[in-house]
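Accompanying notes for the structure given below.
Index from 1, following the sequence. All heavy atoms count here, side chains included; hydrogens, waters and symmetry mates do not. Only a predicted model underlies this, so the values are computations on that prediction, with no experimental measurement involved.
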Amino acid sequence: NEDGSARVTPIIPSQRTCSACRNNIPLIEFYPNYVDHISLINEAINKKGFVGYLLLSDGNPIGFSWGYQTPRERTQSVDFALVNPLLKMNGIDPKETFYGAEIGIIGAYQGRGLGSPLSAIRLKEAANNGYKVFITRTINERVHTILEGVFSQEKGKPLFNDPLRGTPWFSWEFSKIDENKINNLVNKIS
């Protein structure tokens with residue numbers, strides 16, 4: 001906004017562009033060139049339990065965050081047919097699990113504390129939708145710090161390394177979510 005603040009807007013599943021933005025900017029501008037942007041976004045938006053948000057500043061998108069119910073089938077970035085048995089071996093029911101697929105803030109806005117509220121609002125909605133467990137695959141320590149803050153300073157439970165990419169998977173229990181922390185974070189950018 002004009003005062004330098006930002007606001008969060010939900011991504012509506014039928015929305016392929018940022019209808020809240022000037023010039024109806026395509027969402028795909030956030031991804032690097034090596035990713036099939038349109039296909040990845042369409043795939044996510046059409047997943048069961050999709051929850052997604054855009055972060056806007058002055059009507060322009062500066063960040064995004066989304067996830068969905070852990071699917072059974074392979075997606076473009078995760079082979080859930082291989083991951084789900086590993087989740088079950090760790091006592092996690094994929095049907096009760098929300099997968100944190102993507103979060104990103106454009107370079108000029110990174111380091112301003114915007115990723116935390118963007119992730120938090122997505123997690124709050126997922127918790128309100130009845131999921132028991134949150135899972136994600138990341139090596140990004142900043143993402144871990146954000147998630148620990150939202151989940152009452154609980155560290156993510158290491159689960160296994162991804163069967164295809166070797167990156168670690170982690171889980172958090174939604175029963176540990178800190179609603180006051182989430183509300184405080186979101187109020188900073190609303």
If every non-hydrogen atom of S171 is compared with every non-hydrogen atom of V133, which pair is closest and at what distance? CB-CG1, 3.8 Å

Can you name the closest pair of heavy atoms from Q76 and S39 and give their distance? NE2-OG, 2.7 Å

Passing option when W169 is tested against N161, I92, V78 for side chain to side chain contact (heavy atoms under 4.5 Å, CB included): V78

Looking at V51, is its backbone amide N or carbonyl O close enough to the side chain of E125 to form a donor-acceptor pair, meaning the two atoms are under 3.5 Å apart? no

Which atom pair, heavy atoms only, marks the closest approach of L123 to F174? O-CE2, 3.5 Å

Do I182 and I121 have side chains that get closer than 4.5 Å, going by heavy atoms? no

Listing request: all salt bridge (Lys or Arg N to Asp or Glu O under 4.0 Å) pairs with a residue in residues 156-173, at least two apart in sequence or in separate chains. R137-D162

With K155, which residues qualify under salt bridge (Lys or Arg N to Asp or Glu O under 4.0 Å), at least two apart? E148

Locate the shortest heavy-atom distance separating S119 from S65; write the atom from each residue and the value. CA-OG, 4.0 Å

Would you confirm whether the ring centroid of Y68 sits within less than 6.0 angstrom of the ring centroid of W66? no

Do I135 and F160 belong to the same hydrophobic cluster, where Ile, Leu, Val, Met, Phe, Trp and Tyr are linked whenever their side-chain heavy atoms lie under 4.5 Å apart, directly or via other members? yes

Approximate separation, where rounding is to 0.5 Å, of L185 CG and L114 CG: 10.5 Å

Test side chain to side chain contact (heavy atoms under 4.5 Å, CB included) on I177 and W172 and set out the steps. CA-CA 9 Å; I177 204 161; W172 284 263; over 6 Å; no

Pairing residues for N183 by the side chain to side chain donor-acceptor pair (under 3.5 Å) criterion, not counting sequence neighbours: K124

Taking salt bridge (Lys or Arg N to Asp or Glu O under 4.0 Å) as the test, write out the residues that go with D93, two or more places apart. none

Answer yes or no: is there a side-chain heavy-atom contact under 4.5 Å between K188 and P117? no

Keeping E154 on the side-chain end and K176 on the backbone end, is there a donor-acceptor pair under 3.5 Å? no

Heavy-atom distance under 4.5 Å between the side chains of N128 and E179, does that happen here? yes

Taking salt bridge (Lys or Arg N to Asp or Glu O under 4.0 Å) as the test, write out the residues that go with D178, two or more places apart. none

Tell me, do I41 and I45 make a side-chain contact under 4.5 Å, heavy atoms counted? yes

Working to the nearest 0.5 angstrom, can you tell me the gap between L159 CG and N90 CG? 5.0 Å

List in chain and number order the residues that pass side chain to side chain donor-acceptor pair (under 3.5 Å) with T70, two or more places apart in sequence or in another chain; answer none if no residue qualifies. none

Is there a side-chain contact between P71 and K48 in this structure, where contact means two heavy atoms from C-beta onward sitting under 4.5 Å apart? no

Is there a side-chain contact between L86 and P163 in this structure, where contact means two heavy atoms from C-beta onward sitting under 4.5 Å apart? yes

Verdict with supporting geometry, R142 and I103, side chain to side chain contact (heavy atoms under 4.5 Å, CB included): CA-CA 11 Å; R142 182 66 188 128; I103 182 168; over 6 Å; no

Applying salt bridge (Lys or Arg N to Asp or Glu O under 4.0 Å) as the test, list every pair that has at least one member in residues 60-73; sequence neighbours left out. K47-E73

Which ILVMFWY residues are connected to I146, directly or by a chain of links, through side-chain heavy atoms under 4.5 Å apart? none

Can the ring centroids of Y99 and F134 be said to lie less than 6.0 angstrom from one another? no

Can you measure from CD (Q153) to NZ (K181) and round to the nearest 0.5 angstrom? 6.5 Å

Not counting sequence neighbours, which residues clear side-chain contact (heavy atoms from CB on, under 4.5 Å) with T138? List them please. T136, N140, V143, H144

Only counting residues at least two apart or in another chain, list the ones meeting side-chain contact (heavy atoms from CB on, under 4.5 Å) with P85. none

Mind checking what makes ring pair (Phe, Tyr, Trp, His ring centres under 6.0 Å) contact with F98, not counting sequence neighbours? Y131

Taking only residues two or more places apart in sequence or in another chain, which ones pass side chain to side chain donor-acceptor pair (under 3.5 Å) with D79? R74

N184 CG to S116 OG distance, which is reported to the nearest 0.5 Å: 12.5 Å

